[in-house]
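To keep things clear, I will list the structure first and then write my remarks on it.
Because only heavy atoms are used, hydrogens play no part in the values below, and waters and symmetry mates are left out as well, while side chains stay in.
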Amino acid sequence: MLSFKCPSPFFFSGQNRTTSCSTTVPPRASNELTASPSSLISRRLILLRHAHSSWDHLSLKDHDRPLTKTGQADAAKVAQILSSLGWLPQLILSSDATRTRETLKSMQAQVDGFVEANVHFIPSFYSIAAMDGQTADHLQQIISKYSTPDITTLMCMGHNKGWEEAASMLSGASVKLNTCNAALLQAFGNSWDDAFALAGPGGWKLEGIVSPDSSICV
């Protein structure tokens with residue numbers, strides 16, 4: 001078990017509907033198939049909001065806004081934390097907006113594991129996030145389309161308000177995602193479709209929330 005410094009509630013672990021910070025984080029884990037007591041396979045879902053983006057260029061469309069230098073640094077920090085926790089995705093599904101692309105680029109520059117993942121840019125992730133209550137179902141549809149049973153850790157990168165709503169709907173907790181925050185969710189199933197069906201709304205375990213200010217000690 002890793003120890004964790006938490007001056008503010010950037011990360012918590014434990015049961016769903018928990019909003020206070022803990023001094024422990026989930027144990028390091030590999031991307032190997034991990035079975036629950038009922039022999040169903042662990043499915044770990046990372047919902048990551050893009051890092052801080054710039055408003056300096058007013059002529060740019062919202063879709064085309066780049067990251068700030070702070071955003072680039074934050075993305076690198078979160079990549080390192082996810083790697084330290086053993087939450088490296090084998091498949092990454094990302095909005096095609098400039099700020100999500102640049103978030104991923106900064107993460108890949110920091111941790112080779114993000115380079116090794118299969119990546120698909122999903123244009124609909126940008127628009128769906130602005131629509132009330134539709135993101136969770138849309139994520140399930142896209143994950144079903146691109147995932148295979150051997151994928152046990154998957155990351156979806158996108159935008160608020162949709163990403164907060166999806167994390168909240170899947171976990172049954174009230175989840176707040178600031179820029180470059182990642183919600184770590186887990187369910188069990190022999191496929192991703194199976195995991196979504198068995199967990200249902202509110203049935204995914206919220207393992208924690210990672211932010212650039214999270215501090216981990218080995």
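Rounding to the nearest 0.5 angstrom, the gap separating the NZ atom in Lys105 from the OG1 atom in Thr98 is 11.0 Å. Going from atom CG of Leu93 over to atom CE of Met157 covers 10.5 Å, rounded to the nearest 0.5 Å. To the nearest 0.5 Å, atom CE of residue Met169 and atom CD of residue Gln134 are 10.0 Å apart. Here the straight-line distance linking atom CG of Leu67 with atom OG of Ser54 works out to 9.5 Å at 0.5 Å rounding. Here CH2 of Trp204 is found 7.0 Å from CG of Leu185. Values are rounded to the nearest 0.5 Å. Separation of atoms CZ (Phe114) and OG1 (Thr103) is listed at 11.5 Å; rounding is to 0.5 Å.
Under the 3.5 Å distance criterion, the side-chain polar atoms of Thr100 are matched with a main-chain donor or acceptor of Ser95. A donor-acceptor pair under 3.5 Å links the side-chain atoms of Arg43 to the main chain of Gly189, judged by distance alone. Without hydrogens or angle criteria, Asn181 side chain to Asn178 main chain gives a donor-acceptor distance under 3.5 Å. Without hydrogens or angle criteria, Gln72 side chain to Ser106 main chain gives no donor-acceptor distance under 3.5 Å. One N or O on the side chain of Ser168 and one on the backbone of Val175 form a donor-acceptor pair closer than 3.5 Å. Here the side chain of Asp194 pairs a donor or acceptor atom with the backbone of Asn190 at under 3.5 angstrom.
With sequence neighbours excluded, the residues that form a side chain to side chain donor-acceptor pair (under 3.5 Å) with Gln110 are Gln80. Scored by the side chain to side chain donor-acceptor pair (under 3.5 Å) test, Lys161 finds Asp132 as partners (sequence neighbours excluded). The side chain to side chain donor-acceptor pair (under 3.5 Å) test applied to Glu164 returns Asn160, not counting sequence neighbours. Not counting sequence neighbours, the partners of Asp62 by the salt bridge (charged side-chain N to carboxylate O under 4.0 Å, His left out) test are Arg65, Arg99. By the side chain to side chain donor-acceptor pair (under 3.5 Å) test, Asp96 is found to be paired with His63, residues two or more places apart in sequence or in another chain being considered.
In plain terms, the two heavy atoms of Leu91 and Ser147 that are nearest each other are CD2-CA, 3.9 Å. Ser211 and Ile81 make their closest contact through O-CD1, 3.4 Å (heavy atoms, listed as atom of the first residue, atom of the second, distance). In terms of heavy-atom proximity, Ala187 sits nearest to Ala199 at CB-CB, 4.0 Å. Taking every heavy atom of both residues into account, Cys180 and Leu48 meet most closely at C-CD1, 4.0 Å.
The hydrophobic clustering, which links ILVMFWY residues whose side-chain heavy atoms are closer than 4.5 Å, places Met155 and Val210 together. Tyr126 and Leu47 are members of different hydrophobic clusters when ILVMFWY side chains are connected at heavy-atom separations under 4.5 Å.
Checking each of Asn118, Thr152, Asp150 against Gln90 for a side chain to side chain donor-acceptor pair (under 3.5 Å) leaves exactly one that passes, namely Thr152.
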Before giving the answer on side chain to side chain contact (heavy atoms under 4.5 Å, CB included), spell out for Val111 and Leu88 the whole-Å C-alpha distance, their side-chain angles and the decisive distance to 0.1 Å.
-> CA-CA 9 Å; Val111 175; Leu88 283 176; 4.0 Å; yes
Determine, step by step, whether Gln186 and Ser42 satisfy the side chain to side chain contact (heavy atoms under 4.5 Å, CB included) criterion, reporting the C-alpha distance in whole Å, the side-chain angles of both residues, the deciding distance to 0.1 Å, and the verdict.
-> CA-CA 7 Å; Gln186 184 183 43; Ser42 170; 2.6 Å; yes
Just do the side chain to side chain contact (heavy atoms under 4.5 Å, CB included) check on Trp87 and Ile46 with the steps written out, would you?
-> CA-CA 8 Å; Trp87 280 67; Ile46 305 166; 3.7 Å; yes
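Taking the centre and axis of the six-membered ring of Phe121, the NZ or CZ atom of Arg101 falls inside the cone set by 45° and 6.0 Å.
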Contacts under 3.5 angstrom, residues 139-146 side chains, donor-acceptor by atom type, not counting sequence neighbours:
residue : atom : partner : partner atom : Å
Ser144  : OG   : Asp193  : OD1          : 2.9
Ser144  : OG   : Asp193  : OD2          : 3.2

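Taking the six-membered ring where tryptophan is involved, the planes of Trp163 and His159 are perpendicular, since the angle between them exceeds 60° and thus also 30°.
A side-chain donor-acceptor contact under 3.5 Å links His52 and Thr68. With hydrogens and angles left out, the side-chain atoms of His50 and Thr179 include no donor and acceptor closer than 3.5 Å.
When side chains are defined from C-beta on, Trp192 counts as touching Leu154, because their heavy atoms get closer than 4.5 Å.
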